[in-house]
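Every value quoted in this text rests on a predicted model; they were computed, and no experiment measured them. So you know, we letter chains A, B, ... as the sequences are listed, proteins then strands, and number each from 1.
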Protein chains: 2
Amino acid sequence: MAPERISDAEHAVMEVLWQRSPLTAADVADALADARDWSLQTVKTLLSRLTNKGAVSYDQDGRRYLYSPILAREDYVGDESRRLVDRLFGGRAAPLIAHLAEQKTFTAEDLAEIERLIGELKS
Amino acid sequence: MAPERISDAEHAVMEVLWQRSPLTAADVADALADARDWSLQTVKTLLSRLTNKGAVSYDQDGRRYLYSPILAREDYVGDESRRLVDRLFGGRAAPLIAHLAEQKTFTAEDLAEIERLIGELKS
DNA sequence: TCGTTTCGATTACATCCGTAGTCGTACACC
DNA sequence: GGTGTACGACTACGGATGTAATCGAAACGA
């Protein structure tokens with residue numbers, strides 16, 4: 001039972017549920033209306049696939065379902081981050097940071113924030 | 001001409017070419033033999049798809065092709081990293097680092113290395 | 001020269017993914 | 001109580017992906 005991968009489109013649905021839940025399919029579609037141009041049916045398909053993958057569950061509310069995430073965002077983010085670090089940086093996180101640094105991905109605030117984090121970790 | 005995405009399997013092939021090139025299809029398959037259990041035909045299919053995507057080129061050597069990467073690893077890694085940061089951390093890299101930190105992904109050396117990097121960036 | 005091997009090109013095929021449409025049914029409204 | 005409507009379930013379908021098999025031609029070996 002390797003944890004089923006979650007696709008990009010499915011991930012967008014998860015983000016909605018991670019922000020607020022439980023929600024009906026229509027609620028999720030509404031929340032996504034700005035970001036993605038999906039029909040209600042599309043959102044329902046994605047919710048159904050996520051249910052099959054064990055990433056969301058639902059409670060029946062009359063004739064509708066109220067969906068909630070089972071998979072925690074923390075876990076998802078952790079898995080995805082680790083995947084990237086493994087695939088591209090040989091499992092070491094420092095090279096990732098070096099890379100981001102070279103890309104000038106960091107703002108001054110970021111730098112301060114990171115420095116603070118590092119300080120914390122060292123103590 | 002949105003840059004064609006490179007799949008996981010294709011990426012494995014790219015890594016080989018990034019390490020050493022030009023190579024024949026058979027060379028690439030050999031290099032991958034340990035990591036993935038692929039037939040030569042599979043490797044050839046992947047090389048062909050990568051060629052179509054413009055990620056690799058070849059020079060003809062008699063009856064064979066000698067493949068070389070066109071896409072630079074730097075660029076690929078940059079794109080993938082940015083994708084992740086955008087998708088999961090709102091485009092900010094600091095939260096990624098915070099997350100990795102919480103996961104204890106860093107060794108003492110990593111911390112020293114990162115600190116050095118940050119110091120460099122600030123100056 | 002003629003069969004065998006080896007190439008790249010073409011074709012195959014199951015699964016996943018993005019993006020819906022359709023179907024049967026339980027309610028809500030008139 | 002009939003009927004439209006909204007819901008989840010099921011079906012659809014083209015493109016991407018993983019993983020090859022097959023084909024036609026060229027080169028090599030005997």
Side-chain angles (χ1 to χ4, degrees), chain A residues 1-17 21-68 76 80 83 87, chain B residues 1-17 21-68 71 76 79-80 83 87:
Chain A
M1 58 184 87
E4 307 247 22
R5 297 246 29 235
I6 287 176
S7 78
D8 254 39
E10 288 159 2
H11 169 235
V13 169
M14 290 304 292
E15 287 291 348
V16 171
L17 292 175
S21 76
L23 293 179
T24 68
D27 290 339
V28 173
D30 277 1
L32 285 167
D34 284 353
R36 333 277 285 224
D37 196 18
W38 285 337
S39 81
L40 176 57
Q41 280 316 311
T42 296
V43 173
K44 286 181 177 179
T45 298
L46 294 172
L47 281 167
S48 157
R49 286 179 183 169
L50 285 167
T51 301
N52 287 332
K53 291 184 181 179
V56 316
S57 65
Y58 55 82
D59 283 321
Q60 201 137 9
D61 169 39
R63 206 149 66 86
R64 304 169 312 166
Y65 289 170
L66 294 178
Y67 295 92
S68 302
Y76 176 75
E80 291 296 304
R83 261 179 63 81
R87 262 186 351 118
Chain B
M1 55 183 89
E4 306 247 22
R5 295 239 42 227
I6 288 175
S7 78
D8 253 39
E10 287 158 1
H11 169 236
V13 169
M14 291 303 293
E15 288 290 347
V16 171
L17 292 175
S21 76
L23 292 179
T24 67
D27 290 339
V28 173
D30 277 1
L32 283 168
D34 283 353
R36 332 277 287 224
D37 196 19
W38 285 337
S39 81
L40 176 58
Q41 278 317 311
T42 296
V43 173
K44 286 180 178 180
T45 298
L46 294 172
L47 281 166
S48 156
R49 286 179 183 168
L50 284 167
T51 301
N52 287 332
K53 290 182 181 181
V56 316
S57 66
Y58 55 82
D59 281 323
Q60 202 139 8
D61 169 39
R63 204 151 66 86
R64 303 166 315 165
Y65 288 171
L66 294 177
Y67 295 92
S68 303
L71 176 64
Y76 176 75
D79 288 352
E80 291 296 305
R83 263 179 63 83
R87 259 184 356 113

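The phosphate of D/dT17 has OP1 or OP2 within less than 4.0 Å of a side-chain N or O from B/K53. In this model, the phosphate group of C/dA9 is approached by a side-chain N or O of B/Y65 to a distance below 4.0 Å at OP1 or OP2. In this model, the phosphate group of D/dG18 is approached by a side-chain N or O of B/S7 to a distance below 4.0 Å at OP1 or OP2.
Distance CG (A/D30) to P (D/dA6): 13 Å, rounded to an integer number of Å. Rounding to whole angstrom units, CZ of residue B/R36 and C1' of D/dT17 are separated by 12 Å. Regarding B/L40, its CG atom lies at a distance of 11 Å from the P atom of D/dA20, rounded to whole Å. Protein atom CD of B/E10 is 6 Å distant from nucleotide atom P of D/dG18, rounded to whole Å. Distance CG (A/L46) to C1' (C/dT19): 8 Å, rounded to an integer number of Å. Note: CZ (A/R5) to P (C/dC16) measures 13 Å, nearest angstrom. A/D8 has its CG atom 15 Å from the C1' atom of D/dT17, to the nearest Å. Rounded to an integer number of Å, the gap from B/K44 NZ to D/dT22 P is 15 Å.
The side chain of A/T45 lies closest to C/dA20, out of C/dA20, D/dG18, D/dA20. Minimum atom distance to the side chain of B/R64 is reached by C/dC7, of the listed C/dA20, C/dC7, C/dC27. The nucleotide whose nearest atom lies closest to any side-chain atom of B/R63 is, among D/dA26, D/dA6, D/dG8, D/dA26. Ranking D/dA20, D/dG8, C/dC7 by closeness to the B/W38 side chain, first place goes to D/dA20.
Residue contacts shown for A/N52 are absent, as no nucleic acid heavy atom lies under 4.0 Å away. Nucleic acid contact class of A/T24 (heavy atoms, under 4.0 Å, all strands): none. Using a 4.0 Å heavy-atom criterion, one finds that B/T42 contacts the bases of the nucleic acid, with or without backbone contacts as well. A/D37 comes within 4.0 angstrom of the backbone, heavy atoms only, and of no base.
For the pair A/K53 and A/E10, the salt-bridge criterion is met [side-chain N within less than 4.0 Å of a carboxylate O]. Under 4.0 Å is where a charged nitrogen must lie from a carboxylate oxygen, and between A/R49 and A/E4 no such pair does.
For DNA chain D, each stem of at least three Watson-Crick or G-U pairs (distances under 3.5 Å) is given as range with range: C:1-30 with D:1-30.
A 4.5 Å side-chain heavy-atom check between A/W38 and A/L32 finds at least one atom pair inside the cut-off. Residues A/L23 and A/L66 fail the side-chain proximity criterion, which asks for heavy atoms closer than 4.5 Å. At a threshold of 4.5 Å between non-hydrogen side-chain atoms, the residues A/Y76 and A/I6 count as touching. A/D8 places a side-chain heavy atom less than 4.5 Å from the side chain of B/R87.
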Take B/T42 and B/T45 through the test side chain to side chain donor-acceptor pair (under 3.5 Å) and record every step on the way to the result.
-> CA-CA 5 Å; B/T42 296; B/T45 298; 6.0 Å; no
Test A/R5 against A/E80 for salt bridge (Lys or Arg N to Asp or Glu O under 4.0 Å), laying out the working first.
-> CA-CA 10 Å; A/R5 297 246 29 235; A/E80 291 296 304; 2.7 Å; yes
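Taking 3.5 Å as the limit, the base of C/dA9 and the side chain of B/Q41 contain a donor-acceptor pair of atoms between them.
The residue among A/R49 and B/R49 whose nearest nucleotide of DNA chain C is located toward the 5' end is B/R49.
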